[in-house]
Amino acid sequence: MFVITGASGRTGRAAAEHLLAAGHRVRAVGRSAQRLADLAARGAEVCEADPADPVALTDAFRGADGVYAVIQPNYLPDHPDFGAFQDQVAASLTEAVAESGVTRVVGLSSWGAQHADGTGPVKGLHRFEQRLSAVPGVDTLWLRAGYFMENLLDHLGTARTHHRISAPFEPGLPLPFVCTRDVGARAGELLATGDWHGTEILELQGERDVSMREAVDVIAEAVGADDFTYERTSLADFHAGLLAAGVSADVAAMMAEAGEAINARHIRMRQPRTARTSTPTSIERFVADEFAPRFRTAHPAEAG
């Protein structure tokens with residue numbers, strides 16, 4: 001039995017699907033049982049629990065051979081203190097692991113989580129790693145995933161309307177673009193094999209490094225738009241744009257700090273690229289399967 005927290009999210013759903021396909025028993029945990037109905041139809045046991053409720057999570061974790069521990073990265077636009085939210089969920093997950101007797105955990109983290117500061121929302125994942133790794137008797141593997149390809153979907157509105165993608169990253173900066181489905185599948189695979197001991201780190205770097213300029217070129221070719229461009233915005237304009245869109249001051253400051261840290265290589269991969277740190281989905285495959293179909297059907301007023 002493997003427990004998947006955040007099972008309605010992208011990586012959690014992929015982890016659950018991978019384990020179910022391999023014949024394992026899965027307990028899918030999420031805020032809404034309704035959003036997990038498709039996993040239930042595939043044979044998963046569904047457990048409705050708030051991620052900040054350690055008692056409910058402890059009950060969900062009991063009897064499990066392993067847990068996929070996730071603080072779902074939905075940066076609530078109006079959240080006044082997202083770091084405090086991260087800490088609350090991290091404490092809840094940690095207490096549940098300790099009280100339930102689970103001895104195997106795969107945790108979702110992020111590239112740059114080795115740093116305690118200067119990384120925006122990744123700071124909360126650093127604290128999560130430190131907190132959960134301190135539980136005695138638990139083998140914990142942290143997946144430090146790179147830059148999610150799905151972030152490109154946030155630009156569908158301006159991409160369709162203006163044939164432009166704007167972001168604060170240097171145009172030629174190589175980024176470890178990784179597909180969330182690959183992250184979840186790897187989490188499920190590692191939970192099932194349990195081939196590590198103590199606390200370990202595994203960086204997931206995608207199929208290859210891709211710059212924003214290269215990613216936009218791939219999009220242009222896939223949608224047949226020769227005039228598609230990448231525009232690097234200043235960090236100040238990026239921050240102001242988030243505030244204008246209704247994002248809270250706390251979250252806007254975090255996202256701007258993350259952008260600065262990526263440009264300065266403060267957030268970067270440290271492990272060498274190998275078969276183990278790489279994942280299969282290329283940027284071309286993601287754009288063809290996920291971005292281009294949405295681009296063709298999106299309403300012009302769609303934003304993010």
Side-chain angles (χ1 to χ4, degrees), residues 1-16 26-37 39-40 44-64 66-110 113 116 119-136 138 140-145 148 180 183-184 187 191 246-255 258:
M1 167 66 77
F2 296 105
V3 174
I4 308 299
T5 66
S8 63
R10 288 189 174 111
T11 70
R13 187 175 298 279
V26 170
R27 185 177 296 148
V29 180
R31 287 187 178 94
S32 167
Q34 184 177 358
R35 293 186 63 190
L36 301 173
L39 292 178
E45 175 187 336
V46 169
C47 180
E48 197 170 72
D50 189 288
D53 183 348
V55 175
L57 289 184
T58 299
D59 288 343
F61 291 3
R62 290 196 194 281
V67 169
Y68 180 46
V70 179
I71 301 175
Q72 284 185 275
N74 349 334
Y75 303 126
L76 308 177
D78 58 351
H79 203 292
D81 190 341
F82 187 74
F85 168 78
Q86 290 176 301
D87 290 342
Q88 183 182 25
V89 175
S92 179
L93 288 164
T94 300
E95 181 178 335
V97 168
E99 293 297 321
S100 66
V102 168
T103 58
R104 185 188 309 171
V105 175
V106 173
L108 179 62
S109 188
S110 170
T119 58
V122 180
K123 292 180 290 191
L125 297 176
H126 172 86
R127 298 191 298 272
F128 182 30
E129 286 190 14
Q130 297 296 307
R131 187 189 297 263
L132 186 52
S133 297
V135 178
V138 179
T140 305
L141 177 61
W142 292 102
L143 298 181
R144 290 185 181 167
F148 288 155
T180 57
V183 175
L191 269 179
V247 174
S248 75
D250 175 73
V251 174
M254 278 189 169
M255 299 310 294

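By convention here, the first residue in the shown sequence is residue 1.
- Closest of all the heavy-atom pairs between Ala40 and Val46 is CB-CG2, 3.7 Å.
- Taking each heavy atom of Pro51 and Leu57 in turn, the nearest pair found is O-CD1, 3.4 Å.
- For Glu129 against Ala113, the heavy-atom pair with the smallest separation is OE2-CB, 3.4 Å.
- When atom types are taken as modelled, the side chain of Arg27 and the backbone of Ala60 share a donor-acceptor pair closer than 3.5 angstrom.
- The distance from the CD atom of Gln130 to the OG1 atom of Thr94 is 11.0 Å, given to the nearest 0.5 Å.
- Enclosure of atom CZ in Arg35 is not indicated, since only 12 or fewer non-hydrogen atoms of other residues, nucleotides or ligands lie within 6.0 angstrom.
- Side-chain atoms of Val138 and Arg104, non-hydrogen and from C-beta on, never get closer than 4.5 Å to each other.
- Using a 4.5 Å cut-off on side-chain heavy atoms (C-beta onward), Trp142 and Leu125 make no contact.
- The two residues Ala52 and Pro54 make their nearest non-hydrogen contact at O-CD, 3.2 Å.
- Here the side chains of Leu93 and Phe61 are in contact, with some heavy-atom distance below 4.5 Å.
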**Report entry** Residues Asp50, Arg31; criterion side chain to side chain contact (heavy atoms under 4.5 Å, CB included); working and verdict
**Finding:** CA-CA 5 Å; Asp50 189 288; Arg31 287 187 178 94; 4.1 Å; yes
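- Looking at heavy atoms from C-beta onward, Val89 lies out of side-chain contact with Phe128 at the 4.5 angstrom threshold.
- The two residues Ala69 and Thr5 make their nearest non-hydrogen contact at CA-OG1, 3.5 Å.
- With sequence neighbours excluded, no residue forms a side chain to side chain donor-acceptor pair (under 3.5 Å) with Thr58.
- With a 4.5 Å cut-off on side-chain heavy atoms, Asp250 and His79 do not count as touching.
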**Report entry** side chain to side chain contact (heavy atoms under 4.5 Å, CB included) between Leu39 and Val26, worked out
**Finding:** CA-CA 9 Å; Leu39 292 178; Val26 170; over 6 Å; no
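- No donor-acceptor pair closer than 3.5 Å links the side chain of Ser248 to the backbone N or O of Pro80.
- No side-chain donor-acceptor contact under 3.5 Å links Ser109 to the backbone of Leu143.
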Requested in this report: May I have the step-by-step check of side chain to side chain contact (heavy atoms under 4.5 Å, CB included) for Glu48 and Leu36, ending in yes or no?
Outcome: CA-CA 9 Å; Glu48 197 170 72; Leu36 301 173; over 6 Å; no
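- For the pair Val135 and Thr140, the minimum side-chain heavy-atom distance is 4.5 Å or more.
- Atom CE of Met254 sits about 9.0 Å away from atom OG1 of Thr119, to the nearest 0.5 Å.
- At least one side-chain heavy atom of Leu191 sits less than 4.5 Å from a side-chain heavy atom of Ile4.
- Heavy-atom minimum distance, Arg131 versus Asp87: NH2-O, 4.1 Å.
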